[in-house]
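Scroll down for the structure; my scribbles are underneath it.
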Amino acid sequence: MKKVLITGAAGFLGSHLSERFLKDGFHVFGMDNFITGSKKNIELLSSFEHFEFIKCDVSKHIDFKGDLDYILHFASPASPIDYLKIPIQTLKVGSLGTHNLLGLAKAKKAVILVASTSEVYGDPLVHPQVESYFGNVNPIGPRGVYDEAKRFQEAITMAYHRFHNLNTKIVRIFNTYGPRMRLNDGRVLPAFIGQALRGEDITIFGDGKQTRSFCYVDDLVDGIVKLLFSNYNYPINVGNPDEITINEFAQEILTLTGTNQKIVYKPLPENDPLKRRPDISLALKKLNWKPSVDRKVGLRKTYDYFCTLNREELFEKDHQSFEKFNKL
Ligand code: UDP
């Protein structure tokens, strides 16, 4: 049985990936420190015989006994409001955490895949974003802690590949949605659905003309699995190129939830990218991958999930007390 270590297993993507590998017959070690992840996801994964949970802050030393075939590094705060609240941890998990996991991969002779992001392109001046574009990132802006940590992550991963001949993979993930997103993580889809379910105003930041391209989580997981087993070692975009404005997206959510909330406009956060759409020709060519879930179908599945949450979860404002983590 092949063994895979997945960091961030209590998070949205980490839990979906863990489930996929368990269903595909792997032994999965899930790591998390619960800084943004949810215990509920670990409970769900624990129902599989071949799942083992290890509580660990990967930014510190990782002590792992036994063999490993694959490592997937998905631990990181990933929502703009999270990395504003825990900036130092965001920088550490992308840099020190990645370094530790590359060291572990080298020691175990494991293949390692790291989760990068469309944020490496910053507020892009090239549209759609192609892998050869170097990006337009403000290193000292509020998003800099995430963007620069992920850019460093790509750099150190390529260095381990070139210098140590490590078999590394880098996926640049674009906006992804689906069941198990945290309702209060601040991202646009859970924000709008949460507001609709609670009967609150829908908050659009800026004029709502900024665009995003949303990929359903099952499609993303498929792309990641294909990349892991490919022989491609350079960064590759995985996302859905179906681009819409945030105004259009708000209307889609209102139609989906059957509500007619008032839309209110708030100031656009600093350095919020105006456009985002992946060019996925490389993924098609190298991995024979493209997304297949239509947004209408994906949004329905996601909404059905959010409808299963209880009142307490629906009104929970702050997921965690980040205070104690900021002291670390
Ligand atoms: N956004 C919004 N209202 C909200 C939350 C987000 O208008 O309540 C906007 C946000 O300013 C951005 C887009 O939706 O332009 C996507 O934001 P998200 O936080 O989901 O992710 P990003 O793609 O910016 O990392």
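Given the structure is predicted, the values throughout are model-derived calculations rather than measurements. Ligands are counted one by one from 1 in listed order, and the atoms in each one are counted from 1 as well.
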**Message:** Tell me whether Lys55 forms a cation-pi arrangement with Phe34, defined as NZ or CZ under 6.0 Å from the six-membered ring centre and within 45 degrees of its axis.
**Reply:**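 No.
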How are the rings of Tyr177 and Phe214 set relative to one another: parallel (under 30°), tilted (30 to 60°) or perpendicular (over 60°)?
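Perpendicular, since the angle between the ring planes exceeds 60°.
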Donor-acceptor pairs are to be reported for all side-chain atoms of residues 13-21 against protein atoms at under 3.5 Å, with residues two or more places apart or in another chain.
unit_1 : atom_1 : unit_2 : atom_2 : d
Ser15  : OG     : Gly11  : O      : 2.9
Ser15  : OG     : Phe12  : O      : 3.1
Ser15  : OG     : Arg180 : NH1    : 3.0
His16  : NE2    : Pro179 : O      : 2.9
Ser18  : OG     : Gly14  : O      : 2.7
Glu19  : OE1    : Arg180 : NH1    : 3.3
Glu19  : OE1    : Arg180 : NH2    : 2.3
Glu19  : OE2    : Lys23  : NZ     : 2.8
Arg20  : NE     : Asp24  : OD2    : 2.9
Arg20  : NH1    : Asp222 : OD1    : 2.7

| Got more than 12 heavy atoms from elsewhere within 6.0 Å of OH, Tyr234? |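 Open: at most 12 neighbouring heavy atoms sit under 6.0 Å from OH of Tyr234.
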>> Just checking Asn260: does its CG atom have more than 12 heavy atoms from other residues, nucleotides or ligands closer to it than 6.0 angstrom?
In response: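 Incorrect, the count does not exceed 12.
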Pairs under 3.5 angstrom, nitrogen or oxygen on both sides, ligand 1 versus protein: list them out, please.
unit_1   : atom_1 : unit_2 : atom_2 : d
ligand 1 : 3 (N)  : Thr203 : O      : 2.7
ligand 1 : 7 (O)  : Phe205 : N      : 2.7
ligand 1 : 8 (O)  : Thr203 : O      : 3.3
ligand 1 : 8 (O)  : Thr203 : OG1    : 3.0
ligand 1 : 11 (O) : Asp272 : OD2    : 2.6
ligand 1 : 15 (O) : Gln210 : NE2    : 3.0
ligand 1 : 15 (O) : Arg212 : NH2    : 3.3
ligand 1 : 15 (O) : Asp272 : OD1    : 2.7
ligand 1 : 15 (O) : Asp272 : OD2    : 3.3
ligand 1 : 20 (O) : Val188 : N      : 2.8
ligand 1 : 23 (O) : Asn175 : ND2    : 2.8
ligand 1 : 23 (O) : Arg212 : NE     : 2.6
ligand 1 : 23 (O) : Arg276 : NH1    : 2.7
ligand 1 : 24 (O) : Arg143 : NH2    : 2.8
ligand 1 : 24 (O) : Arg212 : NH2    : 3.0
ligand 1 : 25 (O) : Arg143 : NH1    : 3.4

- Pair Arg276-Asn175, side-chain donor/acceptor within less than 3.5 Å: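 Per modelled atom types, Arg276 and Asn175 side chains form a pair under 3.5 Å.
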